[in-house]
There are 2 protein chains.
Amino acid sequence: MNIGDVAKRAGLPPKTIRYYEEIGLIKPLRGPNGYRAFREQDLHKLAFLSRARTLGFTIEDCRTLLALYADEGRASADVKQVAQEHLGQIDDKIAQLKTMRDTLSELVRCCAGDNRPDCPILNDLAAEV
Amino acid sequence: MNIGDVAKRAGLPPKTIRYYEEIGLIKPLRGPNGYRAFREQDLHKLAFLSRARTLGFTIEDCRTLLALYADEGRASADVKQVAQEHLGQIDDKIAQLKTMRDTLSELVRCCAGDNRPDCPILNDLAAEV
DNA sequence: TATAAGGATTCCAGTGACGGGAAGGTCAAG
DNA sequence: CTTGACCTTCCCGTCACTGGAATCCTTATA
């Protein structure tokens, strides 16, 4: 398979696939013409990566997860730990965004949004320290 | 005021303040020794920026907001629009993170987390495309 | 007065995870 | 034989900083 085919099948841009090779996540073979020659196992890894990235895992997490996946003697506890830490970070991020949203939506609600200059949003931003 | 003083008062690292000058958000004066000489208005702008960044506005948004703040003849509608667009992006981000969290927490819940290799998290990631 | 600390300066490089685009090689169809 | 669709590598840009090196200025202390 050429990169275009795996790209479609894995749902990843060719650029991303080349990048994943560059950082050592996958190691596709090469044909005599210099083209990458992807095997089913490469596609499988790429699909794994695509899914993991969709769930927000970092590239380093993905590396760890791929290693655990390849390790038949892994403990599910190790996988769970990676996922739980990630989950914690997602929760932190959500909490942070919610705080922003609450403040912002209140400010937006209070703003007349007309052609006059007075604006509670700017007033908030410019509030004395 | 030297950069260390404004940094403390505005709650921003000196590095960030230098960066803000570099991209033209602030224009502090210079003393004869080459040190930046911050006026009250510079501090005020930095506090504004600090607050706006806390609310998640991009640097370009901040630039727009500072310009609107400086424009006595602004329409609050313009400010409101910037805030509303940002609010929309925050909401999108939250929704995306929530989707991740829901999937992830379910996977984590199903994972035994013991010393056996079988793991629903990996099974999900490795699911056929 | 020498010196040492602590702050200031600039400049360069790196972050994460790619994306854009140039310059060029390869392949299948007409 | 040419066209166009692929593929290759290489380098730069993203966003908003952060770290670190090398150097300069100021202030406090021995």
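Proteins come first, then strands; the chains are lettered A, B, ... in the order of their sequence lines, and each starts at number 1. The structure displayed is predicted, hence computed values, not measured ones.
- Counting to the nearest Å, the P atom of D:dC7 and the CE atom of A:Met1 are 12 Å from each other.
- When the C1' atom of C:dG19 is taken as reference, atom OH of A:Tyr20 falls 13 Å away, rounded to whole Å.
- Closest contact between the side chain of B:Thr58 and the listed nucleotides C:dG20, D:dA16, D:dC7 involves D:dA16.
- Closest contact between the side chain of A:Tyr35 and the listed nucleotides C:dC18, D:dT9, D:dC6 involves D:dC6.
- Straight-line distance from the CG atom of A:Asn2 to the C1' atom of C:dC27: 10 Å, rounded to whole Å.
- Within 4.0 Å of A:Pro13, counting heavy atoms only, lie sugar-phosphate atoms of the nucleic acid but no base atom.
- Closest to the side chain of B:Tyr19, out of D:dT9, D:dC17, D:dC7, is D:dC17.
- One side chain, B:Gln81 or B:Glu85, offers a donor N or O that lies under 3.5 Å from an acceptor on the other.
- Here D:dC10 presents its C1' atom at 10 Å from CD of A:Glu22, a figure rounded to the nearest Å.
- Counting only distance, with no hydrogens or angles, the side chain of A:Lys80 and the backbone of B:Cys111 share a donor-acceptor pair below 3.5 Å.
- Heavy-atom distances to DNA chain D give each of B:Ile59 and B:Asn33 a nearest nucleotide, and the one nearer the 5′ end belongs to B:Ile59.
- Distance, B:Glu21 CD to D:dC17 C1': 16 Å, rounded to whole Å.
- Taking only side-chain atoms of A:Lys15, from C-beta outward, the nucleotide of D:dA16, C:dC11, C:dG20 with the closest atom is C:dG20.
- One atom, CG of A:Leu25, and another, P of C:dG16, lie 13 Å apart when rounded to the nearest Å.
- Atom CZ in A:Arg18 sits roughly 12 Å away from atom P in C:dG19 (whole-Å rounding).
- Side-chain N or O atoms of B:Thr54 include one that pairs as donor or acceptor with a backbone N or O of B:Ser50 at under 3.5 Å.
- Between the C1' atom of C:dT9 and the CD1 atom of B:Ile3 lies a distance of 10 Å, rounded to the nearest Å.
- Relative to the side chain of B:Arg36, the nucleotides C:dA17, C:dT9, D:dA16 differ in distance, and C:dT9 lies closest.
- Here C:dG19 is the nucleotide among C:dG19, C:dC11, D:dC17 with the atom lying nearest to any side-chain atom of A:Thr16.
- With hydrogens and angles disregarded, a donor-acceptor distance shorter than 3.5 Å links the side chain of B:Asp5 to the backbone of B:Asn2.
- Counting non-hydrogen atoms of other residues, nucleotides and ligands closer than 6.0 Å to CZ of A:Arg116 gives a total of 12 or fewer.
- If you check C:dA8, D:dC17, D:dT9 against the side chain of A:Arg30, the one that comes closest is D:dT9.
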